[in-house]
Structures are given as structure tokens and as C-alpha cells.
Protein chains: 4
Amino acid sequence: MASTPDPARRSERARLAVLDAALAVCRDNGFAQLTIEAIAERAGVSKKTIYRWWPSKGAVLLDAVADSATTLVTYEDTGDLARDMCAQLNSVVAMLTPQETSPLAAVIAEAQREPALAQALRDQMRPRIEGFEERLRRAQHAGDLPAHADLGVALDLFYGPIYHRLAFHFGMPDEEEIRSRVDHVIAALRAADPAR
Amino acid sequence: MASTPDPARRSERARLAVLDAALAVCRDNGFAQLTIEAIAERAGVSKKTIYRWWPSKGAVLLDAVADSATTLVTYEDTGDLARDMCAQLNSVVAMLTPQETSPLAAVIAEAQREPALAQALRDQMRPRIEGFEERLRRAQHAGDLPAHADLGVALDLFYGPIYHRLAFHFGMPDEEEIRSRVDHVIAALRAADPAR
Amino acid sequence: MASTPDPARRSERARLAVLDAALAVCRDNGFAQLTIEAIAERAGVSKKTIYRWWPSKGAVLLDAVADSATTLVTYEDTGDLARDMCAQLNSVVAMLTPQETSPLAAVIAEAQREPALAQALRDQMRPRIEGFEERLRRAQHAGDLPAHADLGVALDLFYGPIYHRLAFHFGMPDEEEIRSRVDHVIAALRAADPAR
Amino acid sequence: MASTPDPARRSERARLAVLDAALAVCRDNGFAQLTIEAIAERAGVSKKTIYRWWPSKGAVLLDAVADSATTLVTYEDTGDLARDMCAQLNSVVAMLTPQETSPLAAVIAEAQREPALAQALRDQMRPRIEGFEERLRRAQHAGDLPAHADLGVALDLFYGPIYHRLAFHFGMPDEEEIRSRVDHVIAALRAADPAR
DNA sequence: AGCTAAACGAGACGGTACGTCGCGTCTTAAT
DNA sequence: ATTAAGACGCGACGTACCGTCTCGTTTAGCT
């Protein structure tokens, strides 16, 4: 059995060239022009090499985005929850701006077509969500949030505005808008009564 | 010059067949199989006819979705804001379930590729948003929400969770989850202090 | 059932452009460069159009050769069998010269790889062989050949030298060589004793 | 400079495995499946090894065929020219049967695409042709053929029928057909008058 | 009611990208 | 240094849809 190639023989040069090219094509030519052939040509790599190591162009892009966004996994803790959340959300917004040429936006869009990519994207999100929850738990211990605050609700409400805007191309929220939404969400989490 | 066809001569039969076929293909075969050719074949219509009346397959789908979701424009007013919002959001969730074959989800996904479709989608959303804002203003007059509540924040926070889930295929929220998020948002809107 | 396209809708322009391009590419670039893509590009035609109407590149070439060699079907009858056979064989030799860029040689070579093409080639040869046999029968009636002369042997011996040379790239026979072989064959047919 | 490898270091095991595999793949899977990769896999040899020692897959096949047909170089001399020629031709026919999987037929077909292989094939044929001519010269000395018989004509006419059949897939001649053609050719060579 | 111009079905067309195959070159590790 | 293994850049393969374009054939609106 030899269905999957031997990773030991993999060319690091080709791998990096492909990931770079994927980001470059997306940034320069937009999502629509982002084809396997364009990536291959820009990377100076054969299509075969791409297909050997990635199942789809979405997977290439996901890898590329993941490589270029490792910082997002860790959540700062300045002691000011609102400030930390704003920093994090503004980083995400920056990655999604401009929406038409954002590799991350492209991955998300592609995931709507490819269930397999959606799965991979979700897997890749998991550590970030854990970082998020950890930060929130620290806030709970610090007394910034009540102990009973629902972290699932928090995740949806903190991140929801960004993806609501993304879905309908309403334009990404600016820093002020982020701030007001963060404040609302923190207020909600503090006000919520689990005994309702 | 006769670049645009005469709408008076338009075949209603063909129009309905196309819209039905678009929904049917999306539901039966999923987003990936949703091509103009598949719609044309299923509708028993020539591709030319589709291209004569719609600029793209996304536009067909948007029309089809709009036709099948006219009820969403108007917001109920039972006097209970939380209940009304839950009803509305549950309707949206129902339209997006299952995500893989939801025509609305497909339109949103397609809009990520086609800026023109994104524009059309936004235009088509406007009356719904106005309905939403109207309902919220009634809530303000009824004293359910403070007069200074930010309707933009409200829109993002009420709808955000759905599209956050959609983007990453986290699974649509169930009724209970909707309820808890709606409650949080209403609490946030009540708690927020504009003088901050 | 609609596996084969409707010939009534076929574009004559495209058909001729393809056949011309096939011959041109073969003549200009040689057999090795003769690809479907090269033909399509030269013809200003999409690959799909070629695949719609021909099963393989060999079939295209066979059609092109057949169109350009209709004259070979009919055998002259000047009353001089040797002269007529030489004329015919020299025509064939001309079609096979130079061997490296001869479309007919290419068809024959391709037929070695594609049994289906070999069949088509044989079918397309049949009327020529009938013309050959008819000419020989006239020679028999004219007393130029004995009545018992074996036409199968005649076919093999008249044409054999050309294809022997072709197979091993010995160089096509010139007119003098053709003449001597024709004379030998006629002598053989006259000398043969069926009662052996 | 070390462009050519050192033959002394050549692995005889690999060499034989490659030649065997070439014949085996040709016989088992036919000409179309006969690729360098298939040979390498079947031989348990790396592609690099093949490319180190042979310029092309045709060359491999030619070597393989030559190794397996050394007997054809020498012409028997039983004193009966017709019988000896029939024996020789029947041997060739046997090598070309069945045509679709005959390695020799494959070499000839391949030589139509690769001029370099055609040259090598011709070179490899030379000793056989010399054997042929020698046999014919003995026939001349024995009085079986006239002294002025044209050996070039003889070569074309004796071998021509086989390659005529091969080119058009008419089916190889059986022993009886070989016999009748040989008899005709001998008759022609005896009848020909060089003073014509 | 008949005429005529459009919209219609069908589907061929020139393209672009797809995902695959085999080529001939190359790199690596193990004899 | 040659070998087995196999990744690599390359280019052609045959396919799928795209959006455009004829074709006859309805069919709707005007005479």
C-alpha cells in the first residue's frame, strides 16, 4: 500500500512556493482567479505536485493561511478583557480586509462548497477556540465575568458580528464598531442570569 | 438597439421552471452540482433562456430564494420582543438547514465569489433589515428597549451567531441556543450605557 | 438516447479547419508534435469540438488524409498495366514522402497503437483495393495477365515493397525502383503455375 | 565529465529484468500500456536505471527483441531456396503474431515516432539483410537464381507482403500464403531480364 | 384569424480549468 | 558509483461548465 506519498521526500522548496503563490494570487488577482493552474504557474511548480500533497485548492489556501496566522492562536492577557478581545477581533478583521482578496475569506467561502475543507477549517480553528475559552476562564477567575457565563454564547456573540458582515458584504466593522460590540457582549455576559 | 429582451414576451412557464429547478437541484444534488447546465436540463429550458433573464447562476438562486421566503420580510409583533426575535431567527435557521443543500446558504456562498451578486443580495436584504429596525423601534416605544439602543449593534448581535456558525460549519443553533443568545443580546441592549 | 451529437448541427467551418490544421501541423511540426491541443489551437477550435466529432487524433488524421487523397481510389487504365501500376505506386510514395511528416505515414503509425483506427483505416482502404482488383481483372480480360493470376498475391507484391521500406525507414523507392519491382511482379504473375 | 556511465559497473540483474519486463508488459498489456513506468515497476527497477542505460523505451524494446531473436540472423541453407525462405518468413510472421502484443511490431511502430530508434532498428537489421543476401548469392552460385538477380528487389518482394499486411492490419499471411508469395518471387527473379 | 417578430428548446461552439498520466530529470538512502 | 524509490517540472490528455451563438419551432401581440 502506497496511496499517500512519503512525506520525508517532500520538497520544502515546492511546499513553500505553493503556499506563497496561493496567498499572492489571492491578494493580487482575487478569489475568482485563484485556480490550481495559476498557483502552480506562479509557484513554478507542476500541478501534479500540488495534487500530490493537497486534496484541493481550498486545502492549499487553508495551509497558507494557517502558516501566516499562527499568532492568532494565543490570546493576550493584559488584564483588560475588553481590550484583549478588541485586539483579537481587530486582528481577525485585518485578515479579512479587503474581503475580495482576503485569503482567509477565500478559505471560508471555499469551505461552503467543500465539506471536507469545512472539516479541516474547523479542526484548524479548535486551538484558537481553546485559547479564547482559556482567556475567558481567566476573566472569570479574575472576576471580570461571572462564573456562570456561557462560553458558547460568548464565542458566538464576540465573533458573530464579523461573520454576519462577511456573509452579506456589509463591510468589516471598524475599531469603534468592534469596541461597542465587545462592550455590549461583556455587558450581556455579566447581566445574564442562569437561573432564568 | 435591443440588448435587453422584452419582458412582456417573457414565458412565465420558463421562469417558474428555472426557479423551481434551481431549488430542486440545490436540495437534491448540493451546491457543488448546482450548475447552469444542470438547472437548464432539470427545468427543460435552454441555457440561452436562463442567460437571457439572469446574469449568473447566483442571480437565479437569489430570485428563487426570494420567491420562497417572502414571509421573512415582515416581523411579527406579539408584544414579546424576545419571542418575536426567536421566531424570526429560527425561521432563518430553518432556511439554512441542512447547510449543505440550503439554497440560501448557496446564495451566500456564491456571493463570496461574485461581488455583483453580493450587491444584489444586500439590496434584497434591505427591506428585511428595515422590518427588523422597525420592530426594534416599536420595542423602544414600548419600553422593552432603551431609546438609545444601537440598532446596528442589535443587528450584528442578533444575527451574528447564525452566520458565525454558518461560516465554520459549526452546525446551526437549535431553538434553545437561539433563545439564550437572544436573551443575552436583549440584556446587552438594555444594559448598554451610551454615555460611556 | 443522445450519445452521438446531431450531425445536422455540425459546423462545416470547424470541420474543415480541423482537417486542415491536422495536415498542417503534421507537415510543419512532424508526427511527434501532432497533438489534439496543437490541432485545436491551429484550427482556432476548442478541444471539445474535436472530441465531439472524432474519437481520437488518429481518426482526425485519417479523415484529413482521406479528404486529400480521393484521387487514389480510381485506377487509371491506359492499357499499359505496368505503367498504370507505376503511376499508382508513385502516387502512394509521394503521399508517404517525406516519411517523417507524411500524414498518411502518421495514420499508419497511429493505427499500430489504436486497433479502432486500424479498423477504420482498413475500411477506408477497401474501395481502393476494389479499384485495384478491378484494374487487374481488366488486365486479365485484355490478356495482360493470366486468368488464374492470384489478386491477393498481386496486392501484396505490388504494395509490399513500399510498406517494407516504410516499416524500417529504408527510404521510399524512387521511380526506377518502383518500375523494376512492378516489372518483376507482373513477370511473376505471368509465370505462376496454379497447377503446382 | 561523466555523462556516460561506466559499463563495468552495470548490474546484469537489472539489465535482464528490464528486458524481460519490457517483453512481458508488451505481451500482457499490449503496446498502449507499454510505458517506461510500467516496465520499471514490473522489473522492480527504478526509472533512473532504465534512463541510464537506454535512450528511450523503444531502445529497450529493441534490445529485448534482439536478445530474443538471435536465431533470425542466420539463414538456413537446406539447398531448397523456397523452403528456406518460407522458414525464415514464417519465423518473422510468428514474431509478429499476434500483432497487437508483438514486441517486434511494437518496435517497428515506435520507430515511426522516433527517428533515432528507426536508425537503431535499421542498424540491427543489417546483419540479417547480409545473411539474406548471402543466402541468395549461394542460390545464384547453385543456379537456383540467375546471376543477374537484383537482391534489392528480392528483399523488397520477399519481405514486402508481411509489412504490407502489418501496416494495414490485414492479418499475417499463413504458411500457404507465404509459400505462394515466395514461389511468385522466385519465379519473378528467374524470369527477369536485366537487358530489358 | 393571420402575420410577424420575439422568445423558446436544443445544443454546437471557443474557451478555461479541471484532475490524471507519462515523460525524462533529480535527489536521497542503502547497498 | 550504481541501485530502488519516488518527487519533481513539464506538457498533453480527455472532461466539465462557462457564456455565446446559431438553428428551427412555438407562441404571443398586433393587424
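Please read all numbers here as calculations on a predicted model, not as lab measurements. These values consider heavy atoms only, across backbone and side chains, with no hydrogens, waters or symmetry-generated copies. Below, read A as the first sequence line, B as the second, and so on, with proteins coming before strands; counting in each chain starts at 1.
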DNA chain F contacts made by residues 38-55 of chain A, counting heavy atoms under 4.0 Å: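 Correct list: Gly44(A), Val45(A), Ser46(A), Lys48(A), Thr49(A), Arg52(A), Trp53(A).
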
Contact list please: residues 22-36 of chain C against DNA chain F, heavy atoms, distance less than 4.0 Å, in numerical order.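 Result for residues 22-36 of chain C: Thr35(C), Ile36(C), sorted by number.
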
What residues form a side chain to side chain donor-acceptor pair (under 3.5 Å) with Ser11(B), not counting sequence neighbours?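 Residues passing side chain to side chain donor-acceptor pair (under 3.5 Å) with Ser11(B): none at all.
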
With sequence neighbours excluded, what pairs up with Asp123(A) under the salt bridge (Lys or Arg N to Asp or Glu O under 4.0 Å) test?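 With neighbours one apart ignored, the set is Arg126(A).
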
Under the salt bridge (Lys or Arg N to Asp or Glu O under 4.0 Å) test, which residues partner Asp20(D), sequence neighbours left out?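 By the salt bridge (Lys or Arg N to Asp or Glu O under 4.0 Å) rule, Asp20(D) matches no residue at all.
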
Look for any protein N or O under 3.5 Å of an N or O in nucleotides 29-31 of chain F and output each such pair with its distance, or none.
none

OP1, OP2 of dA4(F) versus side-chain N and O of Arg13(D): anything below 4.0 Å?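 Yes, such a contact exists.
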
Non-neighbouring partners of Phe168(D) that pass ring pair (Phe, Tyr, Trp, His ring centres under 6.0 Å), sequence neighbours left out: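 So Phe168(D) forms a ring pair (Phe, Tyr, Trp, His ring centres under 6.0 Å) with Tyr163(C), His164(D), Phe170(D).
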
Set out, in order, the CA-CA distance, both residues' side-chain angles and the distance that settles side chain to side chain contact (heavy atoms under 4.5 Å, CB included) for Val18(B) and Trp54(B), then state yes or no. CA-CA 10 Å; Val18(B) 168; Trp54(B) 290 276; 3.6 Å; yes

Under the salt bridge (charged side-chain N to carboxylate O under 4.0 Å, His left out) rule, what pairs show up with a residue in [range], not counting sequence neighbours?
{"range": "residues 23-36 of chain C", "result": "Asp28(C)-Arg42(C)"}
{"range": "residues 49-65 of chain C", "result": "none"}
{"range": "residues 7-18 of chain B", "result": "Glu12(B)-Arg15(B), Arg15(B)-Asp67(B)"}

Determine all donor-acceptor pairs shorter than 3.5 Å in which one atom belongs to a side chain in residues 30-40 of chain C; sequence neighbours excluded.
residue, atom, partner, partner atom, Å
Thr35(C), OG1, Ala38(C), N, 3.0
Glu37(C), OE2, Lys47(C), NZ, 2.7

For residues 105-113 of chain D, which side-chain N or O atoms pair as donor and acceptor with protein atoms under 3.5 Å away, sequence neighbours left out?
residue, atom, partner, partner atom, Å
Glu110(D), OE1, Arg113(C), NH2, 3.1
Gln112(D), OE1, Gln99(C), NE2, 3.3
Gln112(D), NE2, Ala167(C), O, 3.1
Gln112(D), NE2, Ile108(D), O, 3.1
Arg113(D), NH2, Glu110(C), OE1, 3.1

